[in-house]
Amino acid sequence: MGSGCSAIESKGTVKPAKSTTFSSYAASLPKLFCDAYISGTKYLCSCNATTNHKAIIFACTDAHKHCHQKLVHPDEFKDIKEQIEKSQRNKDKKIDWETFFSSLKNAFYNKKVVIEMDSGRGSGNENCILGITLEFPNGFEKSSFSLRLRPVMDKWSSVSTAFLEPLYQFYAIRTETSPTEKVDELEKQLKLLKEKHIFLEKKHDVSDPSQNTNKSEDEEKKAANKTPLEDQQPSMNSEEVIKFLKEIKKKFIQTKAISESEHDSLNAVLKTISLNQLYTIQLDKKITKDYDGEVIAWIKKKYSLQDSQDAHKRSRKEKDKEPTVSNADFKKNMDSSSIDKMKTRQDIVNMFDSVDQWNFDILSLSELTEGQALFTTAYTLFVKYDLLNKFGINEQVLINFLKAVQDGYNDVPYHNAMHAADVLQALHYVIMKGGMSQYLSDEDMLAAFIAAIVHDYDHPGLNNTFMINSQSYLATLYNDRSVLENHHCAQAFEIMRSKDSNILQYLQDEQIKDIRETIIQMVLATDMNQHSKILSLFKGRLEAESDFSQKDDVRLALQIAIKVADVSNSSRPTDLYLKWAERLGAEYYIQGDKERELSLPISPFCDRTKPSLNNLQTMFISMIVEPMFIDFAQLLPNMKFTLDHIGKNKEYWADNAAEIDQPKQM
């Protein structure tokens, strides 16, 4: 939290009644926060009592990917206290709850908190070990205890419960800029103190031996078994929190009522909320339907029975041949599958008869595969190009990698897994039928396919301009330079850090270095801010009549190839193109809505109250797509046919301008 620790404690907090119960001291425990580090990554740790003071919530988060939490009940605290007492030299001395909670509070004040990940459960599911060192007065020796915090599924709710709401409640009564507000603050504090006083009186009555102790114990157990989310108030709207805290921050600065560490803490909270607001889907990834093993088996059989000669070196006559295994053979053998899935599986396998065609319909494939178009297309091409055998890639490792990437794409209208599959298939066409294969080694092909598969991994459906203007975490991390492209690439290699999904682990070090560099250059080339620079370099090499045999020239050609594939829907048949254009427009309008909510400048073509899909597409095709495809066709004449599609798609917008771009309801 900022660069230090803090404890939020309202002035005039009522001290607990002279009682030794756990709940009475938990009620007086301030809201504790402290930062800690794991391998250079800052984590924010918290310790807060539940609203019924029956348990303590310990939590930690990096405000991005991880959030861990544990609810500690009185019995577990009692065990911890007893273990500490046993560790003392003087076994007869006992630690009362007041001393224990005072030491716990000081541990957070004095940064005596450490965390580490328990990597025994595998990537993404690690427990977090929270270690706390307690220093006691009155002759007690220093002692430590640790808690195993588990990862939570609903990370946003947990971050809100353990971090944002305590801070919100504290700052809500701390703000003061005028005498009137001071009175309001005092009235609020008086009300809170009265409520707490009544609460403590009731607790004292319950602890009276004359009361029905059996009933109170039953009620206490029942309340203690509640989950943290059941114990807390509903999460607040993130936009309201952002607005409120920004106002608080402004008032603090104006009245000089905030210290440097508190200022850093408040900035950290604002960043946390903004990050979770922009990446809600990141915090709770939807796991898609598992792949269909029956389809995968038939795809593997279909292409493994073809000529063993490299796919990219086959003659044109061989390319046009039907698969060695006929469709009739497939259908005959597929009859053994379950009846309800048989036709769908046949349709999926049959679709790949046209994977070498420019009119290949990824949207239809995605529907047939229930959202698994990227996984299915990528697996098919790895088998078709015999990449598993060429590089000794374990099939299960490839499957793990492709599943992880498929699941890592977000459910946004355009920059989703279907778009990645579309780009991959277009790049395959460029290599196989476009003629790019003559310039590529096997390593280049592997790198190219991986780059296409991951090039928009974890895309939030918002562009780089939005990330920078909103001062997002990623923009800060990558210094406003190719923000999303750097993120896509880095996260893809993060997947391959696990041995179970590292498809490059079987290669030599020099091969890995070569492939990694090619992937990075290709993915970063998809940043439209780099378009003019890259296209200018490419045109320069064409004018110099380069034979594109040098490594730098090959990578430059691959950069143009993935850029062509990335915008290839503008050069597809019109019926396919319009489906993608509609999706892109929808994603732009969603960004415009978010920009309006955050009071940011609305980006061009993103204002749904001023529809401009016609202008967007016409300008994009005329200024970006068409010139690049013309230059690309100089290197690969087989790609000239795409210019006819581009011309027809431009004509569509000219012919239908009056019927398009009607205002959209917000």
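Just so you know, these numbers come straight off a predicted model, no measurement behind them.
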Measure the shortest side-chain to side-chain distance between [X] and [Y] over non-hydrogen atoms and say whether it is less than 4.5 angstrom.
X	Y	answer
Ile399	Phe375	yes
Glu395	Tyr379	yes
His487	Asp458	yes
Met467	Pro460	yes
Leu598	Phe466	yes
Gln69	Leu149	no
Ile393	Gln505	no
His68	Val152	no

Over all heavy atoms of both residues, which pair between [X] and [Y] is shortest? Give the atoms and the distance, please.
X	Y	answer
Leu130	Cys45	CD1-SG, 4.1 Å
Met522	Ala447	SD-O, 4.4 Å
Leu484	Leu462	CD1-O, 2.9 Å
Ile132	Ala107	CG2-CB, 3.7 Å
Val483	Tyr478	O-CD1, 3.6 Å
Tyr43	Met117	OH-CE, 3.4 Å

Assess whether atom CZ of Phe401 is packed by more than 12 heavy atoms of other residues, nucleotides or ligands within 6.0 Å. yes
Taking everything shown except Glu367 itself, do over 12 heavy atoms lie less than 6.0 Å from its CD?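 Result for CD/Glu367: open.
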Begin from the C-alpha positions of Asp79 and Gln83 and carry the test side-chain hydrogen bond (donor to acceptor under 3.5 Å, both in side chains) through to its verdict. CA-CA 6 Å; Asp79 292 340; Gln83 289 297 323; over 6 Å; no
What's the separation between atom [atom1] in [X] and atom [atom2] in [Y], rounded to the nearest 0.5 Å?
X	Y	atom1	atom2	answer
Lys105	Leu32	NZ	CG	8.0 Å
Phe391	Ile515	CZ	CD1	5.0 Å
Leu402	Ile503	CG	CD1	7.0 Å
Arg596	Cys606	CZ	SG	10.0 Å
Glu494	Tyr457	CD	OH	9.5 Å
Lys563	Asp527	NZ	CG	8.0 Å

Under 3.5 Å donor-acceptor, [X] side chain and [Y] backbone:
X	Y	value
Thr476	Ser472	yes
Ser366	Ile362	no
Asn463	Thr465	yes
Asn400	Asp500	yes
Thr518	Asp514	yes
Tyr409	Asp456	yes
Ser87	Ile84	yes
Gln372	Thr369	no
Gln559	Gln521	yes
Ser498	Ile495	no

Exactly one of His455, Glu587, His488 should register a side-chain hydrogen bond (donor to acceptor under 3.5 Å, both in side chains) with His415. Which one does? Glu587
Donor-acceptor pair between [X] and [Y] side chains, under 3.5 angstrom:
X	Y	value
Asn464	Glu485	yes
Glu135	Asn106	no
Glu595	Ser603	yes
Asn416	His459	no

In terms of ring plane angle, is the pair Trp97 and Phe77 parallel, tilted or perpendicular, where the classes change at 30° and 60°? perpendicular
Chi angles and distances behind the side-chain contact (heavy atoms from CB on, under 4.5 Å) call for Lys142, Lys112: CA-CA 11 Å; Lys142 180 170 63 175; Lys112 301 297 184 180; 5.9 Å; no
Could you walk me through whether Ile56 and Cys47 pass the side-chain contact (heavy atoms from CB on, under 4.5 Å) test, one step at a time? CA-CA 7 Å; Ile56 304 294; Cys47 170; 3.6 Å; yes
Assess the residue pair His419 and Asp566 against the criterion (side-chain contact (heavy atoms from CB on, under 4.5 Å)); give the C-alpha distance rounded to whole Å, side-chain angles, the decisive distance to 0.1 Å, and a yes or no. CA-CA 8 Å; His419 167 67; Asp566 198 20; 2.9 Å; yes
Could you check Tyr506 against Gln511 for side-chain hydrogen bond (donor to acceptor under 3.5 Å, both in side chains), going step by step and ending with a plain yes or no? CA-CA 10 Å; Tyr506 311 99; Gln511 287 179 301; over 6 Å; no
Between Lys513 and Glu517, does any side-chain N to carboxylate O distance fall below 4.0 Å? no
side-chain contact (heavy atoms from CB on, under 4.5 Å) between Val454 and Phe493: does it pass, once the steps are laid out? CA-CA 9 Å; Val454 307; Phe493 282 109; over 6 Å; no
